[in-house]
Amino acid sequence: MKKIHFLTIRFGKTKKKSYLCTKLYKLAYMKRLFLLVALACTTMLHAVSVKKVEPLNWWTNMQCPLTLMVYGDNLADGQVTILDAKGKVQDNGLRIKQVRNAESKNYLFIDLDVRRAGTYTFVIKQGRKKVKFNYEIVERKISNCIKESFSSKDMIYLLMPDRFRDGDPTNNTVEGMKEPCRKGYIHGRQGGDIQGIIDELPHIKELGATYIWPTPLTWSNDSAFSYHGYACADYYHIDPRYGTNELYKQMVKKAHEMGLKVIMDVVTNHSGIEHWWAKDLPYQDWWHQFPEYTATINAFTAAYDINASQYDRKMSEEGWFDHHMPDMNLDNPDLLQYFKQLYIWWIEWANLDGLRVDTYPYNEKVPMAEWCRAIRDEYPWINIVGETWTRPANQVAYWQGGTANYDGFNSNLPSVMDFPTEEAIRQALENDGTAWGGGMARVYDALTADYLYGDVNNLLMFVGNHDMDRFADIVKDNDPRRVMIGHILIATMRGIPQVFAGDEYMQRSVDITMGHSGLRQPLPTDNELTDTQKEVYRQMKTLWNWRKSEPVLWEGKTMQWLGRDNTYAYVRYNKEEAVLVFINASEQSKNVPIDHYQEILSNYAAVGTLPLKSNQTIDLQQPVVAEPVSALVVKLNKK
């Protein structure tokens, strides 16, 4: 029988261990190891970290209060202190007003009182654990408080960055982005970028534009159709396939140096399903949530219809724009503050000159009115135009700030897109206009609704954009004369004209059956242009550069005359000068009935100039004949 030793006995250099002692030792060791592993796992599970802080920085002397949204691991209930540059706790330069949890344990909202510029160290403590991050407060540039924004004296050039010009092929496909560049595939990314915009600034300037409006350049990471940019995956960073935040800032600076200004396209109604917060929303009501995908019913009228049901209001505001575009809940105060800060940050950081808001009536109207007010409280000079894609005019006018709405609602939105007049011009020129009430009579009728708007000179005028068939595709016979009539109309009527990139060449869709992707094509190069396209560009350049020197077209009053023979006339006038425009959209020559217009023209000299025809002179006391499918533009001075 084997002897069992319970003790370890030493005899000189001899050491013996009992079998039982060895087993107990091993068990104790394994238990200790298990406890250490369990402790390590627990520590990992409850580790504290900071992964994102938004806004990326802030400034002194801002009207908008600052709330940091801090995202990481296990931040809820964290104790927050702020250290100065010397590592000492301070509350003079940057003071904490309140620290708030979200529903997710991984967020903190920190309300701050900003007093002095500097780099501050935030410490978030959870028991024995703590994490630090630095945050910069910058001295604000006062010059950004006294700028000018886009107005009726400007012409805005709209472009889609991916479908404009490829200036840097090295960023066409970026590792980690779901959709690569696929040139030649009509629905794929084509490689356009910020460098391409910079390269084309001289062309935009030469055309006569004064503003550029790129569709969204921020991060979008859908696996298909990501080129349009309206499904944002990170609001504070430029998509790396376009460039960087710094390159965007340089683009704005270079545009300013050339006398061009920049509008940012903003999206408050929805984000992208690939946004970084999608897997861990701060609050469950950060997005409007449904048991299954539920689309918006697009009932904008529910916002003001006295007969509308609450159900329709809810489904119009809360339904999703598309499967990959979750609808944001602006009734959540932290989300509304997030969007206020977001676009104030971009304006201040990049020195922007204006904003365009996508899908404006899809938003909750009261929070959006508050958003507009916050932006304009910060920048009283700034203009904001909302995409109000609806008709008729009363439904568009409701969304413009200053409109005398029956319910007293004021959106605080200065400008809206004039879709009713756009539709009238397109319908007037897509056929021969012989039907009663058709042709140019449609344009006349559109302007009869001007009394509805808070400010008709702050309507955005256009005949085409990135979401509708190319203008040259829809006019009768793809006629360049009709293309020019459309642009002469938006150049000489009230409002702010906007031209879609490529329309200066009467560019057509590569395949009209392919929808948006077919019309959103890169700008043609010089060697791709036909003689007709070159001539259209020459006329466009003359038109838009002439308009820059005509204040009567920016703020003058309007008087119009209806023709029932597919003609239309109007005069833009002030005390010193006038511009007579006679449109003959028919296929026959027409005598211009100058005597009909004498109630205005009698105040001006009878001999005028034709600014679009090398300033040739014309005597309006003599018979005037308008050629088929043409626009007669006459500049007149005071007698």
Side-chain angles (χ1 to χ4, degrees), residues 421-448 461 463 471-472 474-494 497 503 506 532 535-536 538-540 542-544 546-547 553 558-573 578-601 604 606-636:
T421 303
E422 165 269 321
E423 180 182 61
I425 294 172
R426 287 167 75 96
Q427 290 179 346
L429 294 168
E430 68 183 359
N431 53 48
D432 59 15
T434 56
W436 181 260
M440 296 308 298
R442 293 182 181 274
V443 183
Y444 175 93
D445 287 341
L447 263 67
T448 63
M461 299 289 293
V463 291
F471 189 52
I474 64 97
V475 297
K476 183 185 177 186
D477 300 327
N478 314 115
D479 189 341
R481 299 173 300 171
R482 294 178 181 272
V483 169
M484 284 307 306
I485 286 175
H487 285 84
I488 288 170
L489 284 168
I490 64 170
T492 57
M493 298 171 81
R494 80 290 186 269
D503 281 359
M506 62 169 288
T532 299
E535 173 57 21
V536 167
R538 186 195 66 77
Q539 294 181 39
M540 291 279 193
T542 299
L543 171 67
W544 293 115
W546 163 69
R547 187 186 186 278
L553 298 178
T558 301
M559 185 174 290
Q560 62 176 352
W561 292 264
L562 174 63
R564 291 295 184 184
D565 54 354
N566 209 6
T567 65
Y568 171 51
Y570 56 95
V571 173
R572 301 296 308 287
Y573 65 98
V579 173
L580 166 67
V581 181
F582 182 85
I583 304 294
N584 177 17
S586 75
E587 300 289 350
Q588 298 82 36
S589 297
K590 296 289 183 179
N591 293 321
V592 181
I594 297 295
D595 57 318
H596 294 183
Y597 319 143
Q598 286 306 308
E599 58 188 294
I600 286 294
L601 296 188
Y604 302 91
V607 177
T609 59
L610 303 175
L612 305 185
K613 294 186 177 181
S614 303
N615 283 320
Q616 299 173 27
T617 59
I618 183 171
D619 187 349
L620 298 183
Q621 292 178 321
Q622 302 298 318
V624 179
V625 178
E627 297 297 320
V629 193
S630 68
L632 176 69
V633 179
V634 183
K635 171 66 184 298
L636 300 165

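- E599 and W561 get closest at one heavy-atom pair: OE2-NE1, 3.9 Å.
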**OP:** In sequence, state the C-alpha distance, the side-chain angles, and the governing distance for Y570 and M559, and then conclude on side-chain contact (heavy atoms from CB on, under 4.5 Å).
**Re:** CA-CA 5 Å; Y570 56 95; M559 185 174 290; over 6 Å; no
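- With hydrogens and angles ignored, the 3.5 Å screen pairs no side-chain donor or acceptor of R481 with any backbone N or O of S630.
- To the nearest 0.5 Å, atom CZ of residue R482 and atom NZ of residue K476 are 5.5 Å apart.
- Scanning both residues, R572 and R494, for their nearest heavy atoms gives NH1-N, 3.3 Å.
- Open room surrounds CD on Q621; 12 or fewer heavy atoms of other groups in view lie less than 6.0 Å from it.
- Side-chain contact between V443 and M493 is present, with heavy atoms from C-beta onward closer than 4.5 Å.
- In this pair, Y597 and F582 present their aromatic rings tilted. The plane angle is within the 30 to 60° band.
- Contact check for K635 versus L553: no side-chain heavy atoms found under the 4.5 Å cut-off.
- Smallest separation of non-hydrogen atoms from V475 and D479: CG2-N, 3.6 Å.
- The closest side-chain heavy-atom distance from D432 to E587 is not below 4.5 Å.
- A distance-only check finds a donor-acceptor pair linking the side chain of N566 to the backbone of A585 [under 3.5 Å].
- Residues P480 and V536 share a closest heavy-atom pair of CB-CG2, 3.8 Å.
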Original post:
Step by step, would you call V607 with L636 a side-chain contact (heavy atoms from CB on, under 4.5 Å)?
Top reply: CA-CA 7 Å; V607 177; L636 300 165; over 6 Å; no
**OP:** Evaluate side-chain contact (heavy atoms from CB on, under 4.5 Å) for T558 paired with L447, printing each intermediate quantity in order.
**Re:** CA-CA 9 Å; T558 301; L447 263 67; 4.3 Å; yes
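- The CH2 atom of W436 sits 4.0 Å away from atom CZ of R564, with the distance rounded to the nearest 0.5 Å.
- Applying the side-chain contact (heavy atoms from CB on, under 4.5 Å) test between L632 and each of L610, L612, I583, I488 identifies L610 as the sole match.
- Of all the heavy atoms in N584 and I485, the pair that sits closest is O-CD1, 4.1 Å.
- Using a 4.5 Å heavy-atom cutoff, the side chains of V625 and K590 are not in contact.
- Side-chain contact check for L543 versus R547: every heavy-atom pair is 4.5 Å or farther apart.
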**OP:** Show your reasoning for whether side-chain contact (heavy atoms from CB on, under 4.5 Å) applies to F471 and H487.
**Re:** CA-CA 10 Å; F471 189 52; H487 285 84; 4.0 Å; yes
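- A pairwise comparison of heavy atoms in V633 and P611 identifies O-CD, 3.5 Å as the closest pair.
- Residues E422 and V463 are not in side-chain contact: their nearest non-hydrogen atoms beyond the backbone lie 4.5 Å or more apart.
- For the pair L429/I474, no side-chain contact is recorded, criterion being any heavy-atom separation below 4.5 Å from C-beta on.
- A 4.5 Å side-chain heavy-atom check between V634 and V579 finds every atom pair outside the cut-off.
- One distance of note links NE2 of H596 with CG of L601; it measures 12.0 Å at 0.5 Å rounding.
- Between E423 and R426 there is no salt bridge, since none of the side-chain N atoms of the basic residue sits less than 4.0 Å from a carboxylate O of the acidic one.
- Between T609 atom OG1 and K613 atom NZ the span is 12.5 Å, to the nearest 0.5 Å.
- How far CD1 of I425 is from CZ of R442: 12.5 Å, rounded to the nearest 0.5 Å.
- E535 contributes atom CD, which lies 9.0 Å from atom CE of M484 (distance to the nearest 0.5 angstrom).
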